[in-house]
Amino acid sequence: METTATTTKPGILSGIQPTSVLTIGNYFGALKNWATMQDEFDAYYMVANLHAQTVKMDPAELRRRSAETFALFLAAGIDPARSTVFVQSHVPEHTQLTWALMCNAYMGELSRMTQFKEKSAKTADNINAGLFTYPVLMAADILVYQAKYIPVGADQKQHVELTRDIAIRFNNMYGETFVIPEPYIPKIGARVMSLQEPEKKMSKSDPNPNGYIRILDEPDVIIKKLKRAVTDSEGEITGNPERAGVYNLLSIYSVCTNGSIEDSVAHFAGKGYGDLKSGVADAIIETLKPIQTEYARVLADKAYLNEMMKRGAERAQATARKTVRKVYHKMGFDT
Ligand code: TRP
């Protein structure tokens with residue numbers, strides 16, 4: 001059993017959808033930070049596979065990607081001995097709590113969610129109710145573990161705010177039940193931008209694969225994508241954030257080498273864009289190498305992978321069960 005010491009630390013929870021193979025944006029913006037937060041917090045990290053089906057996905061592919069994303073979490077340093085790492089659908093309490101919260105969430109507030117508006121504009125032929133109620137499932141993910149801090153990117157902040165509103169509303173109506181969560185912006189957050197459109201965040205759903213680098217990309221692919229990265233016509237390497245392309249390359253170099261932007265500028269002083277691109281490619285390759293090796297090892301060991309998923313789910317469920325019991329009882333449901 002876990003020691004009781006973990007329960008005195010504030011809870012954190014975050015999740016990533018297994019819709020496609022994760023990029024270095026997911027690594028530097030989320031996974032790397034998650035790994036460093038494992039000692040300070042009682043951490044819950046999940047593969048958000050229920051969320052992924054709001055956009056139609058082939059079932060076999062979703063199943064495979066869920067396992068792969070879980071393996072990638074472990075390979076990126078999420079330690080199942082210190083953190084609760086699990087697949088969302090393995091813990092049915094998420095959907096049980098969703099119903100309870102759904103009855104305390106309003107159509108009006110859900111209609112105001114920017115992501116819903118954007119996604120429904122993109123997939124006009126499939127505006128399913130799941131797409132609309134997705135933030136309530138996300139609220140359940142958070143509240144079911146009584147998590148205090150939620151590490152998320154800017155695009156998910158609105159959903160955490162909504163979670164707060166629902167939790168406060170529920171507490172007012174039924175008495176103290178939920179910890180009120182807050183979005184958590186990591187101290188050393190890195191926003192990795194697209195290599196092709198450096199004003200935009202690097203995204204795993206970018207239709208142009210040259211815009212992103214996957215955590216699992218081979219060295220020759222990384223070198224090729226870096227060669228094609230957008231810079232500018234100034235020629236000189238400076239740390240001016242307005243020169244989005246060059247700045248993005250410098251900040252990727254910084255996060256790979258754990259240095260500052262100034263360190264990176266100094267490193268490339270007097271050099272050209274060719275050197276910058278090959279230097280950044282090498283730094284990325286070096287950073288990803290141990291993760292890729294560990295990923296291959298974990299994914300090949302199905303017994304280990306399944307055992308870790310099972311244990312993670314059991315551990316998550318032990319906490320989630322308590323919250324659902326409490327909530328259902330307060331609302332007048334018997335279970
Ligand atoms: N909706 C998040 C995303 O698309 C993933 C997610 C699901 C999540 N549940 C969560 C993130 C709970 C933080 C907390 O990125």
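Just so you know, ligand 1 is whichever comes first in the structure, and atom 1 is the first atom listed for that ligand. Residues take their numbers from the sequence shown, with the count starting at 1.
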ask   = Can a salt bridge be assigned to the pair Glu40 and Lys9 using a cut-off of 4.0 Å between side-chain N and carboxylate O?
value = no
request  = Would you check if the side chain of Ser14 reaches a backbone N or O of Pro151 as a donor-acceptor pair within less than 3.5 Å?
outcome  = yes
task = Report the residue from Tyr145, Tyr184, Trp34 that forms a ring pair (Phe, Tyr, Trp, His ring centres under 6.0 Å) with Phe41.
result = Tyr184
query = Got a salt bridge between Glu109 and Arg112, using NZ or NE/NH1/NH2 to carboxylate O under 4.0 Å?
reply = no
task = May I ask you to check whether Tyr295 and Tyr27 place their ring centres under 6.0 Å from each other?
result = no
List of N/O pairs, ligand 1 versus protein, all under 3.5 Å?
from     : atom 1 : to     : atom 2 : distance (Å)
ligand 1 : 1 (N)  : Tyr134 : OH     : 2.6
ligand 1 : 1 (N)  : Gln156 : OE1    : 3.1
ligand 1 : 4 (O)  : Gln17  : NE2    : 3.0
ligand 1 : 4 (O)  : Tyr134 : OH     : 2.9
ligand 1 : 9 (N)  : Asp141 : OD2    : 2.7

key: Ion pair check, Lys201 and Asp155, cut-off under 4.0 Å   = yes
